[in-house]
Amino acid sequence: MPDADGPLPQSPGAAGPAPGDLTWAVLLFSLSMLVLVIMDTLAKWLSERLDPFFITWARYASQFIILLALFGPGFFRRMRTNHLRIQLLRSVLMLFATLLFFYGISLMPLSAAIALIFVAPLFVVAMAGPILGEKVGPRRWAAVIVGLIGMLLIVRPGTETFAWASLLVLGAALCYGGQQLATRHLSVADPPSTTLVYTSMVGGIAMSFAAPFVWQTPSWVDVGALVSLGFIATVGHFMLIKALTLAPASLLAPLDYTSLIWGSLLGVLVFNEVLDPL
């Protein structure tokens, strides 16, 4: 494994993406939002019976096993990186984003939680310039601000909708935004499979230390759902990582808001949530 103190990758924001790459990036990123909302819906359904800590462990453990089976001996070859610290930082941010969000959705409506996590695009666009060297124009800012206003109309801070559980989701949003920036930073140096391997390994190992303290024996139906979490996470995050290798993070960040549609829809269909006019 190369030295972790190697030079940082140069910003991918300087050269603009090719038109074909941009189309694929938008498509993959938008699809990843749908897939990850399905994962969140499944996690909320499981949280009615299982501890969110246990669900988070199962999500990472199953993803680790899936990737180990998929890559075989190549799993450990994919750990080669010149940017170990950034890979570890991104994996830790992803772990905290998952854990905080799973706890948040166990305590509040899915549609409100999905809306609240959209502090992340604002953070990504704001930081894409100083961290990644991307040029962020007024149209990208406008897209994020419009989405943020929509989020505020749904969540309404200062009302009963904004419960203390919202703070968990806000923490998840900041971690999620940070991992998107780290993913884009790594995109010129490591393939998506390397980033996926580190995500599953760091999350799986870290959560395995806590698993004995929150262990619950799931039913066979729940076992199937827990394994599905790992599979869905693998597919969703691969598409997200691949999209961020093809286009600037600040350009893709506003597409996060497409999750509002899926989160609201699944909240109504699966959990009988009632959406008011706002």
Side-chain angles (χ1 to χ4, degrees), residues 7-39 78 81-83 86-87 89-91 93-94 97 114 117-148 150-151 172-199 232-263:
L8 293 177
Q10 293 185 358
S11 170
D21 287 347
L22 183 59
T23 300
W24 274 109
V26 168
L27 179 62
L28 287 170
F29 197 89
S30 299
L31 282 174
S32 75
M33 294 299 101
L34 170 59
V35 172
L36 294 176
V37 169
I38 293 172
M39 180 187 73
R78 283 173 169 82
T81 176
N82 286 317
H83 310 287
I86 301 177
Q87 282 286 4
L89 173 62
R90 182 201 173 277
S91 299
L93 287 171
M94 191 70 250
I114 293 288
I117 204 168
F118 292 128
V119 172
L122 187 66
F123 177 71
V124 171
V125 171
M127 293 293 103
I131 293 178
L132 299 177
E134 294 180 4
K135 294 180 180 179
V136 182
R139 285 183 293 181
R140 295 184 195 176
W141 274 113
V144 170
I145 291 170
V146 168
L148 186 65
M151 180 273 287
L174 293 177
C175 292
Y176 174 66
Q179 71 83 24
Q180 279 199 27
L181 291 171
T183 300
R184 179 62 179 164
H185 205 101
L186 288 164
S187 65
V188 295
D190 293 337
S193 58
T194 296
T195 303
L196 269 181
V197 162
Y198 272 94
T199 301
I232 295 169
T234 301
V235 173
H237 283 287
F238 177 81
M239 290 192 293
L240 186 147
I241 293 165
K242 184 64 177 176
L244 286 165
T245 68
L246 298 174
S250 58
L251 187 147
L252 295 175
L255 295 172
D256 271 322
Y257 291 112
T258 59
S259 297
L260 284 170
I261 301 168
W262 313 126

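A quick note: this is a predicted structure, and the numbers were derived from the prediction, not measured.
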Looking at [atom1] of [X] and [atom2] of [Y], how far apart are the two atoms once the value is rounded to the nearest 0.5 Å?
X	Y	atom1	atom2	result
L196	M94	CG	CE	11.0 Å
R90	Q87	CZ	CD	7.0 Å
R78	Y198	CZ	OH	13.0 Å

**Request:** Please report the C-alpha distance between T199 and H237 in whole Å, then the side-chain angles of each, then the deciding distance to 0.1 Å, and finally whether the side-chain contact (heavy atoms from CB on, under 4.5 Å) criterion is met.
**Result:** CA-CA 10 Å; T199 301; H237 283 287; 5.9 Å; no

**Message:** Go through it in stages, so that I can follow the logic: the residues are D190 and T195, the test is side chain to side chain donor-acceptor pair (under 3.5 Å), and I'd like the CA-CA distance, side-chain angles, deciding distance and then a yes or no.
**Reply:** CA-CA 7 Å; D190 293 337; T195 303; 5.3 Å; no

Listed by chain and number, what are the side chain to side chain contact (heavy atoms under 4.5 Å, CB included) partners of [X], not counting sequence neighbours?
X	value
I261	none
S259	M33, V37, I114, F118
L93	L89, C175, Q179

**Contact check, side chains of F29 and L246, non-hydrogen atoms, under 4.5 Å** = no

**Asked** Does L251 reach the side chain of L22, with side-chain heavy atoms less than 4.5 Å apart?
**Response** yes

**Asked** So which of T183, V197, L240, I241 actually passes side-chain contact (heavy atoms from CB on, under 4.5 Å) with P192?
**Response** I241

**Heavy-atom closest pair, residues S32 and G236** = CB-O, 3.4 Å

**Prompt:** For the residue pair Q180 and L244, what are the closest heavy atoms and their distance?
**Reply:** O-CD1, 4.0 Å

**Message:** Let's go through I232 and V35 carefully: what are the C-alpha distance in whole Å and the side-chain angles of both, what is the deciding distance for side-chain contact (heavy atoms from CB on, under 4.5 Å) to 0.1 Å, and is it a yes or a no?
**Reply:** CA-CA 7 Å; I232 295 169; V35 172; 3.5 Å; yes

**Prompt:** Within the distance-only criterion (no hydrogens, no angle test), does the side chain of S30 pair as donor or acceptor with the backbone N or O of V26 below 3.5 angstrom?
**Reply:** yes

